[in-house]
Amino acid sequence: MYKSLFVHRSRYHSISKLLFWTLLFLVVIFFVFFRPPPTPDSSRRLLQDGPDWKSRVLKSARPKSGTNRRRIVLVTGAAGFVGTHVSAALHHRGDGVVGLDNFNSYYNPSLKRARRALLERAGVFVAEGDINDAELLKKLFGLVKFTHVMHLAAQAGVRYAMENPASYVKSNIAGLVSVLEVCKSANPQPAIIWASSSSVYGLNTKTPFSEEDRTDQPSSLYAATKKAGEEIAHTYNHIYGLSITGLRFFTVYGPWGRPDMAYFFFTKNILEGEKITIFEGPDHATVGRDFTYIDDIVKGCLAALDTAKKSTGSGGKKKGPAQLRVFNLGNTSPEPVGNLVYILEKLLRVKAKKDVLPMPANGDVLYTHANISLAQRELGYKPSTDLKTGLKKFVRWYLDYYGYGKKSSV
Ligand SMILES: O=C(O)[C@H]1O[C@H](OP(=O)(O)OP(=O)(O)OC[C@H]2O[C@@H](n3ccc(=O)[nH]c3=O)[C@H](O)[C@@H]2O)[C@H](O)[C@@H](O)[C@@H]1O
């Protein structure tokens with residue numbers, strides 16, 4: 001009996017040994033042959049460690065020689081619509097500019113790459129990376145003493161917030177905090193100008209919207225994250241002495257624009273003979289927007305930067321009260337969405353196939369209209385492009401960029 005038990009045990013041992021070695025063999029094979037490829041983050045980090053990356057950052061950050069410009073600006077979201085235009089304008093006047101963008105796929109990143117190519121041809125380097133990457137931000141601030149941060153990176157779009165709410169929290173709240181954290185610890189601290197939104201007025205019915213009006217009734221998660229951003233700005237200003245200016249943009253449009261916006265995809269659909277939907281409010285109320293042309297917005301951004309006072313703290317310590325501002329940047333001449341479509345039809349010489357439908361409960365608001373007196377007074381902001389002129393410039397760019405023929409009136 002002992003013998004049979006012994007035989008049984010030794011057989012048991014050899015089976016478990018065999019199992020053990022087979023398992024080990026499989027694990028080794030898995031790691032050698034099926035190891036996951038490096039994540040985009042780690043391969044990006046390799047790029048960021050190269051000497052070429054550093055020298056490109058430093059070169060781009062240098063203000064134009066022969067001018068007395070001293071400003072060195074970090075532009076986040078530099079490959080975005082507003083970011084590209086603002087970076088180009090800052091560089092053009094001689095400021096040092098370093099861009100940062102994560103090239104996410106909210107809309108076709110090839111448009112973002114094309115914008116980056118445009119900037120790089122002009123001499124602006126756009127580093128690839130995320131505003132939530134604290135290590136990357138530290139590295140940039142370690143290399144360059146930024147005087148200003150133009151924080152334009154964000155998850156944009158009102159209606160997409162219902163599809164992907166987490167992306168709004170990640171970019172517009174966590175991302176903003178990450179940028180403010182690196183700014184507060186910098187020595188000297190930069191002044192910050194950042195993109196808020198007209199959507200913070202939410203269900204406010206008092207028009208035109210003034211900075212003093214209530215903004216505690218956001219109608220979309222997008223608006224709520226922008227409103228949260230304004231409160232977060234207050235906190236960092238209060239605790240750390242950061243100089244912060246928030247800009248409430250009103251439906252910005254123009255060349256190199258965002259394909260998720262109505263004027264952009266209406267143009268595409270009209271040209272391709274696809275239907276477009278025009279929303280209307282209860283009792284057939286007209287839906288309207290204070291559409292604002294990109295060049296006017298750029299002027300407003302630069303004026304905000306030029307009038308920003310220095311932050312008062314350094315290395316995470318406040319030394320005194322600092323500037324905290326918020327401005328409407330709109331056109332102050334709202335237009336019904338139907339009018340936008342009418343102008344596009346004329347410019348494209350194509351009749352749109354339209355459906356007029358009640359506005360779904362998707363976070364949209366009925367109407368926006370900016371009171372811009374404060375920006376006029378403090379920034380000298382004076383928008384000068386009407387919707388027809390602005391759309392003409394947009395359509396000209398669109399036809400050229402997407403390679404359409406000449407069948408239009410522009
Ligand atoms: O002002 C702002 O702060 C916001 O402006 C735009 O948001 P929105 O004004 O909703 O711009 P679009 O998405 O281009 O819509 C423009 C108008 O077209 C209407 N629309 C949109 C889509 C559609 O299929 N049909 C339609 O009639 C909307 O109701 C809205 O009145 C931007 O997308 C936001 O990122 C920005 O923050």
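Ligands are counted one by one from 1 in listed order, and the atoms in each one are counted from 1 as well.
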S.K.: Residues two or more places apart in sequence or in another chain: which of them pass ring pair (Phe, Tyr, Trp, His ring centres under 6.0 Å) with Tyr107?
M.R.: none
S.K.: Have a look at Tyr398 and tell me which of Tyr253, Phe264, Phe265, Phe266 forms a ring pair (Phe, Tyr, Trp, His ring centres under 6.0 Å) with it.
M.R.: Phe264
S.K.: Just jot down the side chain to side chain contact (heavy atoms under 4.5 Å, CB included) partners of Leu203, sequence neighbours excluded, or say none.
M.R.: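 For Leu203 the side chain to side chain contact (heavy atoms under 4.5 Å, CB included) partners, ignoring immediate neighbours, are Gln217, Ser219.
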S.K.: Is it true that Asp386 and Lys388 have a side-chain N and a carboxylate O under 4.0 angstrom from each other?
M.R.: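 Result for this pair is no, no salt bridge flagged.
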S.K.: Under a 4.0 Å heavy-atom cut-off, which residues neighbour ligand 1?
M.R.: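 Shell around ligand 1 (4.0 Å, heavy atoms): Ala156, Gly157, Val158, Arg159, Ser197, Ser198, Ser199, Tyr222, Phe249, Phe250, Thr251, Arg258, Met261, Ala262, Phe265, Phe266, Thr277, Ile278, Phe279, Val287, Arg289, Val337, Asp364.
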S.K.: Which pairs count as side chain to side chain donor-acceptor pair (under 3.5 Å) when at least one residue sits in residues 74-87, sequence neighbours excluded?
M.R.: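 As it turns out, the side chain to side chain donor-acceptor pair (under 3.5 Å) pairs with a partner in residues 74-87, which skip direct neighbours, are Thr76-His151.
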S.K.: Less than 6.0 angstrom separating the ring centers of Tyr263 and Phe394, yes or no?
M.R.: yes
